[in-house]
Amino acid sequence: NKESLNIIIEITNVLNKYNLANKIDSIDVTSSEDLKLYIGNIEVDLGDIEDIDQKIRIAIEAINNLATNAKGILNVSSSSGKVYFRPVA
């Protein structure tokens with residue numbers, strides 16, 4: 001649908017801005033309120049499109065601080081800027 005396409009374009013523009021597009025395995029826009037990026041073994045929960053630039057920057061910084069073989073869910077959806085990582089086996 002048109003909304004999903006616009007969201008993908010906006011996210012892709014941010015990823016290209018920071019030269020990160022090649023690090024992303026996939027983008028899930030099934031729900032515009034629960035956007036997700038997949039980077040290796042990390043699922044990044046972005047929430048909605050609001051403040052997407054900041055959320056992506058925070059997510060990449062957090063991923064860079066994780067162990068190379070980390071596997072889990074990284075939640076950066078909070079408007080307060082809090083980041084949560086939940087490892088999975």
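Just so it is clear, the values below take in all heavy atoms, side chains as well, and ignore hydrogens, waters and symmetry mates.
With sequence neighbours excluded, the residues satisfying salt bridge (charged side-chain N to carboxylate O under 4.0 Å, His left out) with D48 are K55. In this view, K17 and D53 satisfy the salt bridge (charged side-chain N to carboxylate O under 4.0 Å, His left out) rule, not counting sequence neighbours. Annotation: salt bridge (charged side-chain N to carboxylate O under 4.0 Å, His left out) contacts of D34 (sequence neighbours excluded): K36. Qualifying side chain to side chain donor-acceptor pair (under 3.5 Å) partners for S4, counting only residues two or more places apart in sequence or in other chains: N1.
Here the CD1-CD distance, from I49 to E10, works out to 4.0 Å after rounding to the nearest 0.5 Å. Between atom OH of residue Y18 and atom CD1 of residue I60 there is a gap of 11.0 Å, rounded to the nearest 0.5 Å. Taken to the nearest 0.5 Å, the CG atom of L35 stands 5.0 Å off from the CD1 atom of I11. A distance of 10.5 Å separates CD1 of I52 from CD of E50, quoted to the nearest 0.5 Å. For the atom pair CD1 of I58 and OG of S77, the computed distance is 11.0 Å after rounding to the nearest 0.5 Å. From I8, atom CD1 reaches atom CG of L15 across 11.5 Å, with rounding to the nearest 0.5 Å.
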Donor-acceptor pairs under 3.5 angstrom involving side-chain atoms of residues 82-89: please list them, not counting sequence neighbours.
none

Derivation and outcome, side-chain contact (heavy atoms from CB on, under 4.5 Å), residues T12 and I27: CA-CA 9 Å; T12 302; I27 302 171; 4.2 Å; yes

Applying side-chain contact (heavy atoms from CB on, under 4.5 Å) to N69 and N41, what does each step give before you reach the verdict? CA-CA 8 Å; N69 60 347; N41 292 321; over 6 Å; no

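Closest non-hydrogen pair, S78 versus N75, comes out as N-OD1, 4.2 Å. Heavy-atom minimum distance, V44 versus A59: CG1-CB, 3.7 Å. Between N16 and A21 the shortest heavy-atom distance is OD1-CB, 3.2 Å. The heavy-atom pair separating D28 from T30 by the smallest distance is OD1-OG1, 2.5 Å.
Counting heavy atoms from C-beta on, the side chains of I39 and L20 never come closer than 4.5 Å.
Summarising the hydrophobic clusters (Ile, Leu, Val, Met, Phe, Trp, Tyr; side-chain heavy atoms under 4.5 Å, direct or chained), the residues clustered with I9 are L5.
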